[in-house]
Amino acid sequence: MGQTHLAAISTSTKVAVTAIVEPRAEVAASLSAQGLVTYESTDALVAAGGVDGFLVATPSAFHVDAVRRLASSGLPILCEKPAGLSVSEASEIQRIVGDSQSRLQIGYWRRFVPSLRNLKARIDAGTFGRLLVIHASQWDHRPPAPEFRNTSGGILVDMGVHEVDMIRWISGNDVLSISANELMSQESAVVDQDAGVFTMRLSTETLGFATLGRFYPDNDFVGIEVMGELEHERIDIIAGNAGDDVLTMALREQAEAFALGGDPYAATIDDAIAALRAVNTTTEMRR
Ligand SMILES: NC(=O)c1ccc[n+]([C@@H]2O[C@H](COP(=O)([O-])OP(=O)(O)OC[C@H]3O[C@@H](n4cnc5c(N)ncnc54)[C@H](O)[C@@H]3O)[C@@H](O)[C@H]2O)c1
């Protein structure tokens, strides 16, 4: 994801990546070969200074540690979702940033997709009438590497938080209850799911549901379908080859909004905690 952010931000005229923390020597060497300044550790970057803010794209298990080390600088932090692997980790991030001078934004990039902003504006204006069902789908082309799958919290924490956040944000609702079902991977060395579905009852009595998958033939797919009493809309947010352009644009807009001081639609740590609370709840219910 760091590489995806790097490519997206390289298209911006307002914000630039000036230094990267990368502990893996071979990755750092390839970044240096592209002319980028690299550091082995977050502490080394903070000590060197010379930056205006940070983007955290470490594996999720390191989000808390990265934010802790960066917040001491008092500079703004854009942290990738899910902001830790659990409600307690996200709450720790909230506490750390609350005790610092830093500003925190969470990287739920769909909030910067123009078609979704337009959809939200029409929902907020009442165009859909009473909202009945919101269906969100996220189907990855192929699963990530086993070491990522085994440490990213499972399909609901790694992928499902996007759907919870998008449904909450676009409808302005909280999650009242949630139930989920998942299919475990059949690879012996993998502790992760290949597919998952969940249904949610939202605060305005709207139903939200999501389908998640790690295998999809045609590149990655992300979509949303909104059914109201008065209106219906389906948007393929990422589909086919055009998906990369949508993601690049949204990540650039997100970084630019962050650099310029924030955005009313940007995700907060409260949003990240709400998404993790929903997906953590389903995991606890099935233990
Ligand atoms: N918003 C999205 O759509 C989206 C998509 C993919 C991943 N992500 C998020 O991005 C994060 C990274 O995921 P990924 O798929 O790129 O993982 P990855 O394992 O492919 O890459 C992580 C990179 O971080 C480096 N790293 C490891 N520990 C580090 C540390 N302590 N400090 C700095 N760098 C460190 C690794 O060497 C590696 O280069 C995760 O939190 C994931 O949830 C978000």
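Remember, it's 1-based here, ligands and their atoms both numbered in the order they're listed.
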> Is any side-chain N of the basic residue among Glu205 and Arg130 closer than 4.0 Å to the acidic one's carboxylate O?
Replying inline: no
> Of all the atoms in ligand 1, which lie at a distance below 4.0 Å from a heavy atom belonging to Pro82?
Replying inline: 43 (O)
> How close does the nearest protein non-hydrogen atom get to atom 22 (C) of ligand 1, and which residue and atom is it?
Replying inline: Pro59 CD, 3.7 Å
> Can you list the ligand 1 atoms lying under 4.0 Å from a non-hydrogen atom of His63?
Replying inline: 41 (O)
> What atoms of ligand 1 come closer than 4.0 angstrom to any heavy atom of Gly107?
Replying inline: 1 (N)
> Excluding sequence neighbours, so at least two apart, what forms side chain to side chain contact (heavy atoms under 4.5 Å, CB included) with Thr268?
Replying inline: Asp270, Asp271
> Who's the nearest protein heavy-atom neighbour of atom 37 (O) of ligand 1, and how far?
Replying inline: Glu22 OE2, 2.5 Å
> Considering only the protein, which heavy-atom contact is closest to atom 44 (C) of ligand 1, and what is its distance?
Replying inline: Glu80 OE1, 3.2 Å
> Under a 4.0 Å N-O cut-off, is there an ion pair linking Asp124 with Arg122?
Replying inline: no
> With the threshold set at 4.0 Å, does a side-chain nitrogen-carboxylate oxygen contact exist between Arg69 and Asp43?
Replying inline: yes
> Would you say Met1 and ligand 1 have an N/O pair spaced under 3.5 Å apart?
Replying inline: yes
> So which protein heavy atom does atom 2 (C) of ligand 1 come closest to, and at what separation?
Replying inline: His162 NE2, 3.4 Å
> Taking heavy atoms and a distance under 4.0 Å, where does Ala145 meet ligand 1: side chain, backbone, both or neither?
Replying inline: neither
> Considering only the protein, which heavy-atom contact is closest to atom 43 (O) of ligand 1, and what is its distance?
Replying inline: Lys81 NZ, 2.9 Å
>> Between Asp174 and Arg201, does any NZ, NE, NH1 or NH2 come within less than 4.0 Å of an OD or OE carboxylate oxygen?
In response: no
>> Is the ring pair Phe221/Tyr216 parallel, tilted or perpendicular, if the boundaries are 30 and 60 degrees?
In response: tilted
>> Is there a side chain to side chain donor-acceptor pair (under 3.5 Å) between Gln254 and His5? Walk through the geometry before answering.
In response: CA-CA 10 Å; Gln254 175 178 259; His5 280 292; 4.7 Å; no
> To which protein heavy atom is atom 17 (O) of ligand 1 closest, and what is the distance rounded to 0.1 Å?
Replying inline: Phe148 CE1, 3.5 Å
> Quick one: do Arg111 and Asp263 make a salt bridge, cutoff under 4.0 Å?
Replying inline: no
>> Please list, in number order, the atoms of ligand 1 under 4.0 Å from a heavy atom of Val21.
In response: 33 (C), 34 (N)
> Closest non-hydrogen protein atom to atom 32 (N) of ligand 1, residue and atom name please, with distance?
Replying inline: Thr58 CG2, 3.4 Å
>> Can you tell me which residue among Arg110, Lys81, Arg168 is in a salt bridge (charged side-chain N to carboxylate O under 4.0 Å, His left out) with Glu163?
In response: Arg110
> At the 4.0 Å heavy-atom cut-off, does Gln3 count as touching ligand 1?
Replying inline: no
> With Thr248, which residues qualify under side-chain hydrogen bond (donor to acceptor under 3.5 Å, both in side chains), at least two apart?
Replying inline: none
> What part of Ser60, side chain from CB on, backbone N/CA/C/O, both or neither, has a heavy atom under 4.0 Å from ligand 1?
Replying inline: both
> Among all protein non-hydrogen atoms, which one is nearest to atom 3 (O) of ligand 1, and what is the separation to 0.1 Å?
Replying inline: Trp109 NE1, 2.8 Å
